Amino acid sequence: MRYSKAFIPTLKEVPKDATTPSHVLLLRGGFVRMVGAGIYEMLPLGRRVLSKIERTVRREMDDAGAQEVLMPALLPAEYFQETGRYDSFGGALFRLKDRKGAEYNLGPTHEEIITDMVRRDVKSYRQLPLNLYQIQMKFRDEPRPRAGILRCREFLMKDAYSFDVDEAHALESYAVMREAYHRIFKQLGLDYRVVAADSGAMGGSTSAEFQVLVQTGEDSLVVCSSCDYAANVEVAETTLPTDASSADETPDATKVHTPGVGSIADVVAFLTPTLPGISPARMLKSLLYTADERVVMAVVRGDDDVNEIRLARALGVSEVVLASAEDVRKATGAQVGFAGPVGFEGEIVLDPAAAAVADAVIGANETDHHLAHVRHGRDFEGRVASIRMVKEGDPCPSCGAELRSFRGIEGGHVFVLGTHYSAKMGATFLDPEGEEKPLVMGCYGIGVSRLMAAAIEQHHDDDGILWPMSIAPYQVILTPLGKEAGPLQAAESLYDELRALGVEALLDDRAERPGVKFKDADLLGIPLRVTIGQRGLDAGMLELKRRDAKEAEKVPLAETAARVATWVTGLGGELSPRRARA
RNA sequence: CGGGGCGUAGCGCAGUUUGGUAGCGCGCACGGUUCGGGACCGUGAGGUCGGAGGUUCGAAUCCUCUCGCCCCGACCA
C-alpha cells in the first residue's frame with residue numbers, strides 16, 4: 001500500500017474521551033473511530049488487524065475440526081423466549097420490533113440459534129460429534145461501555161459450539177478447543193494465562209478463561225508463584241490461612257460505645273487506646289445480603305472481603321445482592337456499620353478465617369455500639385463456609401506457595417454447557433440403543449475485537465503501538481527521506497521486490513518531512529521499518545529497524561528484501577502466497 | 001441506576017463568574033523558505049457555541065427542560 005493513497009487519519013493530539021492506552025492509540029493511529037458510546041467503526045488499518053486475528057482463529061478452529069457458519073444478528077424473539085433468556089438476559093438484550101409489531105432481539109450470543117440449527121438435522125449419534133463456529137458481531141446493551149474497544153455494545157466475537165453424545169465426549173471436545181486456544185493466543189503474541197473461572201448463569205460446569213495479562217484489565221486474577229494454579233478471584237480458592245490471634249482464654253463479651261464509627265478502619269482507630277492489639281484481622285465484618293427473598297448475614301474477617309459468587313454458592317442460590325440500608329436497619333435494628341452475628345435472628349454464613357478469630361470485635365446490632373471479646377461457637381453460631389475473596393499472598397490451594405495478583409482481560413472463555421440448552425430446546429438424538437438423549441454441548445468464545453485492544457495494552461510504548469508481527473496491519477514500512485528522486489525510486493523498487501516475496505509493505509511515499517514519517521511509523525506500530533536516505537544510498541546501504549529495538553541495522557541494498565522477508569517469518573509473520581507467485 | 005465531570009471549527013482548548021455581534025494552538029488550502037525525529041513565514045477557508053423553550057433591546061454567557069459523551073461505583077452470557 002502506498003501511504004499517499006491510504007486512508008490513515010492519524011491524530012497528533014490525544015482525543016479527550018480516551019483514557020486507556022489501547023483506546024488512545026487506536027484512535028490516534030487511525031485504526032478505529034467512535035460512532036457512539038460503545039460503538040466503533042473500523043478504518044482500514046483496524047480492519048486489517050481484525051482480519052489477521054480472524055485468520056489465525058479460523059485456521060486453528062478449522063484444524064481442530066470445527067466448521068464455520070454464519071448466523072443472523074437479528075433474531076426473532078421466540079428463540080430467546082424458548083430458553084427463557086429473553087427475560088433473564090435483562091437490560092443487556094437489545095430488543096426491537098418490526099413494522100408488524102413482531103418482537104426481535106439482536107444476538108448477544110448464539111446458543112439458541114445454533115442449537116436450533118443442529119436440532120433440525122442431527123438425529124443420530126452417527127452424526128456426532130459436531131463443532132460449529134462463527135465470527136460475528138454481538139450486541140449487548142452494556143450498562144457501562146468503557147475503555148474504548150475493550151467493552152463495547154457491539155463487538156466482534158468468534159463463538160464455537162460443540163455437540164456430543166455424552167459428558168465424556170463433550171470433555172474431549174472441550175480439551176481439543178482448549179488446545180486450539182493455546183495455539184491461537186500464542187500465535188497472536190499475547191502474554192496470557194488460563195484461569196479457573198465462574199461459568200456464570202449459563203449452567204456450565206467445566207470452564208476456563210484465557211486471560212491476557214494487562215494492568216488495565218477488568219478482571220482480577222490470582223496466579224501461583226510456584227505451580228501452574230491460576231484463577232479468577234471470583235472462584236479462586238485458598239487453603240485456610242493460619243490465624244494470627246491466639247486461641248487462649250477469651251474474656252467475656254463486652255459492649256463498647258463506638259459513637260459514629262462504623263467502618264472497620266474507624267473502629268480499629270477508635271478502639272486502639274482501650275483495646276491494644278486490635279486490628280482489622282481481629283474485627284469481624286458482617287454484611288447483609290438478600291438471597292432469594294431472605295436476608296442472610298455473611299461474616300468475614302475485617303481485612304477480608306466477601307466473594308459474592310462463593311457466598312451465593314454456599315447458600316445454593318444463583319445470586320446474592322447486598323442488602324439496602326433500609327433492609328439492614330430492619331434486620332439488625334441498627335444503622336449500617338453496626339451489624340454483627342451475636343443476637344442476629346437469621347441465617348449466618350461465616351468464613352473459616354473469621355470463625356478462627358478467638359477474640360473478636362463485632363457490631364452489636366445497636367447503633368453506635370460494638371461487642372468486644374466475641375468468639376464463634378461461644379457467643380454465636382453460624383455455618384462455616386469459605387466465602388472470602390482470595391488475596392495476594394494467600395497460600396496456593398494446590399501447592400501452598402504464595403498467590404500473586406494480576407489483572408487481566410478476558411480474551412477467551414471455554415466451557416462445557418452440558419444439556420442446559422439442548423434439554424430445554426428438545427435438541428436430541430438417538431443413541432445406538434435407540435434411546436433418545438439430549439445433546440451435550442460446549443461453547444467457546446474469543447473476543448476478536450477485544451483482543452486487538454488487549455494486544456495494544458500489552459505492546460505499546462510512549463511513541464505508539466508495537467504490534468506483534470502476526471497481527472500487524474503491515475509487516476514493514478518503507479520510509480524514503482528527502483526530496484531527491486533517489487530514495488523514493490529505491491524505495492519503489494524495494495517495495496516491488498517485497499511484494500513479490502509476499503511481504504505486506506506500506507510505502508511512505510508522502511512528501512512529508514522525516515520527523516513526520518518517523519512519528520507516524522512509530523505510532524502505527526509497524527514491526528519493521530526500512531529507512532532509505534540519500535546518504536545511505538550513496539554507500540549502497542539501507543537501514544533496517546525493528547519497532548521494538550533502539551538501534552537500526554545497516555543492510556546492503558541488494559540484500560534488504562530477503563532480509564526483511566526473513567525477519568517477517570522469524571517474528572511469526574506469514575508471507576502472502578498469492579503475492580509470492582506474482 | 002447512584003456519584004462526579006464535560007458538550008464552542010476536523011482534533012485539543014479559551015471565552016460563561018460580571019450578557020454586547022466568537023477566539024487560540026494543531027490540522028486543512030495556497031505561496032515562499034526548509035528537509036534524518038511531528039519546521040518556519042505569509043495568506044486563507046472552516047463554527048446551528050449539543051438541542052428546545054424562556055428572560056432580555058441584545059444570550060456561548062442567565063433560567064427551565066432535554067439529548068449526548070467520559071470517569072468512579074453498581075452491573076458484566
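As a basis for the values below, the full set of heavy atoms in this structure was taken, side chains included, without hydrogen atoms, waters or symmetry mates. Per chain, numbering begins at 1; letters A, B, ... match sequence-line order. Source: prediction; values computed, not measured.
In this structure, B/C1 and B/G73 make a Watson-Crick or G-U wobble pair, each of the two defining distances being under 3.5 angstrom. In a base pair of the Watson-Crick type (N1 to N3 plus N6-O4 or O6-N4) or a G-U wobble (N1-O2 and O6-N3), with each distance short of 3.5 Å, B/G23 is matched with B/C13. For B/A59, there is no paired nucleotide, since no Watson-Crick or G-U wobble pair has both relevant distances below 3.5 Å. Base pairing analysis places B/G46 opposite nothing; no Watson-Crick or G-U wobble pair with both distances below 3.5 Å involves it. Nucleotide B/G7 forms a pair with B/C67, judged by Watson-Crick or G-U wobble geometry with both contacts under 3.5 Å. Pair check for B/G31 finds B/C41; Watson-Crick or G-U wobble, both atom distances under 3.5 Å.
Spacing of P atoms, B/C24 relative to B/A9, comes out at 14 Å, to the nearest Å. Rounded to the nearest Å, the gap between the P atom of B/G50 and that of B/G36 is 44 Å. Separation of the P atoms belonging to B/G4 and B/U48 is 33 Å when rounded to the nearest angstrom. Across B/G23 and B/U16, the matching C1' atoms stand 14 Å from one another, rounded to whole Å. Of the P atoms belonging to B/C40 and B/G27, the separation is 8 Å, rounded to the nearest Å. On the P atoms, B/A60 is 15 Å away from B/U8, given to the nearest whole Å. Rounded to whole Å, the separation between the C1' atoms of B/C69 and B/G12 comes to 16 Å. Rounded to whole Å, the separation between the P atoms of B/A52 and B/A45 comes to 27 Å.
Salt-bridge annotation for A/Lys517 and A/Glu512: absent, with no side-chain N of the basic residue lying under 4.0 Å from a carboxylate O of the acidic one.
In this model, a donor atom of one side chain and an acceptor atom of the other lie less than 3.5 Å apart for A/Glu111 and A/Thr109. Side chains of A/Glu457 and A/His460: a donor-acceptor N/O pair is absent below 3.5 angstrom, by distance only.
Two residues, A/Gly36 and A/Lys545, neighbour RNA chain B, and the one matched to the more 5' nucleotide by heavy-atom proximity is A/Lys545. In this structure, A/Met157 and A/Met34 both approach RNA chain B, and ranking their closest nucleotides by distance from the 5' end singles out A/Met34.
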Summary of protein contacts for nucleotides 3-12 of chain B, nucleotide by nucleotide, where a base hit scores B, a sugar-phosphate-only hit scores S (4.0 Å, heavy atoms): ---S----BS
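Scanning atom types as modelled, no donor and acceptor separated by under 3.5 angstrom connect the side chain of A/Arg146 and the base of B/C71. A/Arg28 contributes no side-chain N or O that forms a donor-acceptor pair with the base of B/G27 under 3.5 Å. At a cut-off of 3.5 angstrom, the base of B/G36 holds no donor-acceptor pair with the side chain of A/Arg529.
Residue contacts shown for A/Thr19 are limited to sugar-phosphate atoms, with no base heavy atom under 4.0 Å away. If you check every strand for non-hydrogen atoms under 4.0 Å, A/Ala147 touches sugar and phosphate atoms only. Within the nucleic acid shown, A/Arg33 has no heavy atom closer than 4.0 Å to any nucleic acid atom. Across all strands shown, A/Glu410 has no heavy atoms under 4.0 Å from either base or sugar-phosphate atoms.
Taking atom CG of residue A/Leu27 and atom P of nucleotide B/C69, one finds them 15 Å apart after rounding to whole Å. Taking atom CD on A/Glu218 and atom C1' on B/C75, their separation rounds to 11 Å, with Å as the unit. Residue A/Glu551 contributes atom CD, which lies 14 Å from atom C1' of B/G36 at whole-angstrom precision. Atom CG of A/Leu524 and atom P of B/G38 are 17 Å apart (whole Å). The nearest whole Å value for the distance from the CZ atom in A/Arg407 to the C1' atom in B/C76 is 14 Å. As a whole-Å value, the separation of A/Arg153 CZ from B/G68 P is 9 Å. Taking atom NZ on A/Lys550 and atom P on B/G37, their separation rounds to 15 Å, with Å as the unit. A straight line from OH of A/Tyr289 to C1' of B/A74 spans 12 Å, rounded to a whole angstrom.
In this structure A/Glu142 satisfies the salt bridge (Lys or Arg N to Asp or Glu O under 4.0 Å) test together with A/Arg151, sequence neighbours excluded.
Comparing atom distances between the A/Pro143 side chain and each of B/C75, B/G36, B/C70 picks out B/C75 as nearest. Of the candidates B/C26, B/G36, B/U34, the closest approach to any side-chain atom of A/Lys12 belongs to B/C26. Checking B/C70, B/G36, B/C35 against every side-chain atom of A/Lys483, the shortest atom distance belongs to B/C35. Distance from the side chain of A/Ala37 is smallest for B/C70 among the nucleotides B/C70, B/G27, B/C35.
Classified by interplanar angle (parallel below 30°, tilted 30° to 60°, perpendicular above 60°), the ring pair A/Tyr192/A/Phe210 is parallel.
Checked against the 6.0 Å centroid criterion, the rings of A/Tyr40 and A/His23 qualify as a close aromatic pair.
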Tell me which donor-acceptor pairs under 3.5 Å the side chains of residues 25-34 of chain A have, and how far apart each pair is, sequence neighbours excluded?
from: A/Arg28; atom 1: NE; to: A/Leu11; atom 2: O; distance (Å): 2.9
from: A/Arg28; atom 1: NH2; to: A/Leu11; atom 2: O; distance (Å): 3.4

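Contact record, A/Ala64 with A/Met177: CB-CE, 3.8 Å, taken as the closest heavy-atom pair.
A distance-only check finds no donor-acceptor pair linking the side chain of A/Glu112 to the backbone of A/Tyr79 [under 3.5 Å]. Judged by distance alone, with hydrogens and angles left aside, the side-chain atoms of A/Gln134 form a donor-acceptor pair with the main-chain N or O of A/Met71 at under 3.5 Å.
In this structure, A/Lys519 does not reach the B/G37 phosphate: none of its side-chain N or O atoms is under 4.0 Å from OP1 or OP2.
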